[in-house]
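Have a look at the structure below, then the notes.
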Number of protein chains: 2
Amino acid sequence: MGYTIGQVAGRMGLTAHTLRYYDKEGLLPSMRKSSSGLRVFTEEDIEWLIIIECLKGCGMHLKDIKHYIDMCLQGDATISERLELFKKQKERLEEQMAQLKKHMEKVDYKIALYTEALKKGSIDSARRNQYLASEKERIFGSEIKSITRP
Amino acid sequence: MGYTIGQVAGRMGLTAHTLRYYDKEGLLPSMRKSSSGLRVFTEEDIEWLIIIECLKGCGMHLKDIKHYIDMCLQGDATISERLELFKKQKERLEEQMAQLKKHMEKVDYKIALYTEALKKGSIDSARRNQYLASEKERIFGSEIKSITRP
DNA sequence: ACAAACATTAGAGTTTACTTTAGGTTAAAC
DNA sequence: GTTTAACCTAAAGTAAACTCTAATGTTTGT
């Protein structure tokens, strides 16, 4: 009673290759093989896969997922550690979110600039040079005097 | 009159390796070398670096940055294409943002679950099994009947 | 004039999460 | 009973953006 790797792959939206890879990486602790060496997926394996998908859905790396699985196998003693893991993950996500927002601001600025340029037919080089000058000032301080273009 | 690779690297917060890599990838179109083969960074090179940093700050891949630089070199004729590039980048960022928000929701759920578990000393296996069951239903439909754990 | 600090190159290595390939074994269908 | 579809392993390949190595060359300071 069980599923073949192909059946599970199809159902889970993964490839058989990926499932073998997960197995090799120790993400499927309940995996068993038939006498002839074929993987037989049971309910338990599928549950682990669902957990893996959930954690991937948290943006977690496979290494951390592996660590989580190992902790699960150790039982309730690791609950606080598992909570910590998710808290750290939340921090990571928040950082990424902040980063994305900064990126978005820059992109919006560029879109505004180029939308304007498209109207005029050429980019506003005064504005462009002003940006470069201020960045140079920020990065090089007073080391650079000339900020004009050759 | 110019800067050495080490000076620029230090000032820009990059390594000399990275600058050589950028040069090799064609991201520094104005790079010149001294008679003895050493890179001499001019104002213009630094301006390109500032532009590269800005675009990296938009979350853009180096390949797209290279493309952008090539378009800049072609002048005002490419303005509308450059605008398109940033609009596409904005879409990409919005997608990533949506993804991150989904991740965050899942992580928050896990934190709630484990915070509760920590209080009780063990995880709520009824709740856990309910989640697994609903996911299995979603993924496998009616194919799986038994949803209990061995 | 010579050492220390800094530069050069080509090319190999790193990371993550797969994906592909090659060469074979097993199971299902007819 | 044979073809074919699906499976196996081990190992190499991929992408991005560096990062490092080794062997060598150049510049600067004393």
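To find a chain, count down the sequence lines: A is the first, B the second, and so on, and within it residues start at 1.
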Over 12 non-hydrogen atoms of neighbours within 6.0 angstrom of NZ in B:Lys102: no

Rounded off to whole Å, could you give me the NE2-to-P distance for the B:His17 and D:dA16 pair? 22 Å

Got A:Glu135 and B:Glu53 here, is their nearest side-chain heavy-atom distance under 4.5 Å? no

Heavy atoms of A:Leu19 and A:Ile5 approach each other most closely as CD1-O, 3.6 Å

Distance test, side-chain N/O of B:Thr18 to OP1/OP2 of D:dA17, below 4.0 Å: no

Do other residues, nucleotides or ligands put more than 12 heavy atoms under 6.0 Å from B:Lys101 NZ? no

Partners of A:Lys33 by side-chain contact (heavy atoms from CB on, under 4.5 Å), sequence neighbours excluded? A:Arg39

Rounded off to whole Å, could you give me the CD1-to-P distance for the B:Ile5 and D:dC18 pair? 14 Å

Identify, residue by residue, the members of residues 59-66 of chain A with a heavy atom below 4.0 Å from DNA chain C, and return them in order of residue number, or none. A:His61, A:Leu62, A:Lys63

Note: A:Leu85 and A:Met60 closest approach over all heavy atoms is CD2-CE, 3.3 Å

Between A:Ile111 and B:Leu83 the two heavy atoms that sit nearest each other are O-CD1, 3.6 Å

Shoot me the first and last contacting nucleotide of DNA chain C against chain B, ordered 5' to 3', at under 4.0 angstrom to non-hydrogen atoms. C:dA7 to C:dT9

Rounded to the nearest 0.5 Å, how far does CD1 of B:Ile51 lie from CD1 of B:Ile69? 7.5 Å

Taking the six-membered ring for Trp, are the ring centroids of A:Phe140 and B:Tyr3 within less than 6.0 Å of each other? yes

Do the rings of A:Tyr131 and A:Tyr109 sit parallel, tilted or perpendicular, given the 30° and 60° boundaries? tilted

Tell me which residues in residues 19-31 of chain A lie within less than 4.0 Å of DNA chain C, going by non-hydrogen atoms. A:Tyr21, A:Tyr22

Residues A:Arg127 and A:Gln130: side-chain donor-acceptor under 3.5 angstrom: no

A:Arg39 side chain N/O closer than 4.0 Å to the phosphate oxygens (OP1, OP2) of D:dC8? yes

Detail all sub-3.5 Å separations between protein N/O atoms and N/O atoms belonging to nucleotides 24-27 of chain D.
from   : atom 1 : to      : atom 2 : distance (Å)
D:dT26 : O3'    : B:Ser36 : OG     : 3.4
D:dT27 : OP1    : B:Ser36 : OG     : 2.5

Filter on salt bridge (Lys or Arg N to Asp or Glu O under 4.0 Å), then keep only pairs touching residues 74-83 of chain A, sequence neighbours left out; what's left? none

Provide the closest heavy-atom pair for B:Cys58 versus A:Lys106 in the form atom of the first, atom of the second, distance. SG-CB, 3.7 Å

